[in-house]
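This is a predicted model, so every value here is computed, not measured.
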Amino acid sequence: MLLETQAISKHYAGQLVLDSVDMQLRKGQILTVVGPNGAGKTTLLRMLLGLDTPDSGEIVRHSNVRIGYMPQKFTAPATMPMHVRSLLELYVPRKARGKALSVASELHITHLLSRQVHELSGGELRRVLLARALIADPDVLLLDEPMQGVDVNGQAELYALIEEINQSRGCAVLMVSHDLHIVMAASHEVLCLHHHICCQGTPEDVNRHPEFVDLFGKSLAQHLAIYPHHHDHAHNLQGDVVSHKGCDHG
């Protein structure tokens, strides 16, 4: 167990945002938190990052766990020039700065290192922010709306890359997302949040749960791209299986 919340609750301005939320994140797991706007997803993420504290309950972190964070929004003003390499190394300990090139190579963005950050496309910026989250060799990746500003084709490639990182590095991944179609099939486990935990389990189980259907509608739930997936293989950047030993797709 790397991260765990034990019955955490949180109020803002007298409103209950999180109500007795229990969540566990294990090594190697891909867990996605879904829910409507205002459901408490960002509040949960802030508390996992240590930026906020629960009113009650407890957050347990494994000793010496390293967390990499990819924010939902990042804007580099054109009036503040910054190269991609500078962004990757910003606020990073000096001993870790040499990793910028190797991580950029891993994420196939070495050609972007000399580019200005404000010139990047949405997909390019998301890869750069993901690379920055990996610089410190995290045990846990916390990704807040990782597909923000990425087109449909780019989303599939980026999800394949996240799964590839999960496979090769063995780090746990927690994603907060509203993009149900792809993310449900890209996750080992899904947690549906609406101030409390509505349901939690495999994508197949959550997709059939009455509270999930009530939140997102019967039509959407019926048309989600859900399939049994053991995640014991790897994908290339196009999303194709490159090693399917023991994999079971239904």
Side-chain angles (χ1 to χ4, degrees), residues 28-36 41 45 68-74 84 103-112 115 120-134 138 140-192 202-207 212 216-217 219-250:
Q29 181 185 17
I30 301 178
L31 171 66
T32 299
V33 180
V34 300
K41 301 188 299 294
L45 198 61
Y69 171 56
M70 179 178 172
Q72 177 181 355
K73 297 179 181 179
F74 179 89
V84 167
V103 173
S105 178
E106 180 183 357
L107 271 62
H108 314 285
I109 57 169
T110 52
H111 62 290
L112 299 178
R115 291 267 302 277
L120 300 178
S121 69
E124 290 171 339
L125 179 59
R126 302 315 288 174
R127 288 195 183 219
V128 168
L129 294 176
L130 181 57
R132 178 168 166 74
L134 291 171
V140 175
L141 274 177
L142 298 183
L143 311 179
D144 190 3
E145 297 287 0
M147 302 302 137
Q148 182 79 23
V150 183
D151 62 27
V152 174
N153 291 333
Q155 289 178 19
E157 292 182 359
L158 193 50
Y159 275 125
L161 181 58
I162 290 169
E163 187 177 8
E164 186 178 301
I165 290 167
N166 167 258
Q167 292 280 335
S168 63
R169 287 175 171 256
C171 59
V173 179
L174 187 149
M175 289 187 280
V176 169
S177 180
H178 69 277
D179 180 8
L180 302 179
H181 284 84
I182 301 178
V183 78
M184 291 285 281
S187 306
H188 300 153
E189 188 171 346
V190 176
L191 185 155
C192 183
T202 66
E204 299 81 20
D205 291 338
V206 168
N207 189 51
F212 180 85
F216 295 105
S219 177
L220 176 60
Q222 288 177 339
H223 291 90
L224 285 176
I226 304 297
Y227 59 90
H229 199 172
H230 288 175
H231 288 267
D232 50 5
H233 60 271
H235 292 271
N236 62 21
L237 293 181
Q238 287 69 48
D240 301 317
V241 176
V242 294
S243 174
H244 55 78
K245 184 178 179 181
C247 179
D248 179 20
H249 292 262

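Residues satisfying the side chain to side chain donor-acceptor pair (under 3.5 Å) test with Gln148, not counting sequence neighbours, are Gln72. Glu106 is linked by a side-chain contact (heavy atoms from CB on, under 4.5 Å) to Ile165, Ser168, Arg169, counting only residues two or more places apart in sequence or in another chain. Listed by chain and residue number, Ile109, Thr110, Leu113 satisfy the side-chain contact (heavy atoms from CB on, under 4.5 Å) test with Ala104 (two or more places apart in sequence, or in another chain). Residues forming a side chain to side chain donor-acceptor pair (under 3.5 Å) with Glu124 (at least two apart in sequence, or on another chain): Arg115, Ser121.
Counting heavy atoms from C-beta on, the side chains of Leu107 and Leu134 come closer than 4.5 Å.
In this structure, Glu189 contributes its side chain and Leu31 its backbone to no donor-acceptor pair below 3.5 Å. For the pair Lys41 (side chain) and Gly35 (backbone), a donor-acceptor distance under 3.5 Å is present. Listed for the Asn166 side chain is a donor-acceptor partner under 3.5 Å among the backbone atoms of Cys171. No donor-acceptor pair under 3.5 Å is formed between the side chain of Arg126 and the backbone N or O of Met147.
A distance of 8.0 Å separates CG of Leu143 from CG of Leu174, quoted to the nearest 0.5 Å. With values rounded to the nearest 0.5 angstrom, Asp144 atom CG is found 9.5 Å from Met70 atom CE.
Nearest heavy atoms, Ile30 versus Met175: CG2-CE, 3.8 Å. Heavy-atom minimum distance, Gly68 versus Pro138: N-CB, 3.4 Å. Scanning all heavy atoms of the two residues, the minimum distance from Ala133 to Tyr69 falls at CB-O, 3.6 Å. Residues Leu125 and Phe74 share a closest heavy-atom pair of CD2-O, 3.6 Å.
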Taking it one step at a time, do Ile162 and Leu141 satisfy side chain to side chain contact (heavy atoms under 4.5 Å, CB included)? CA-CA 10 Å; Ile162 290 169; Leu141 274 177; 5.8 Å; no
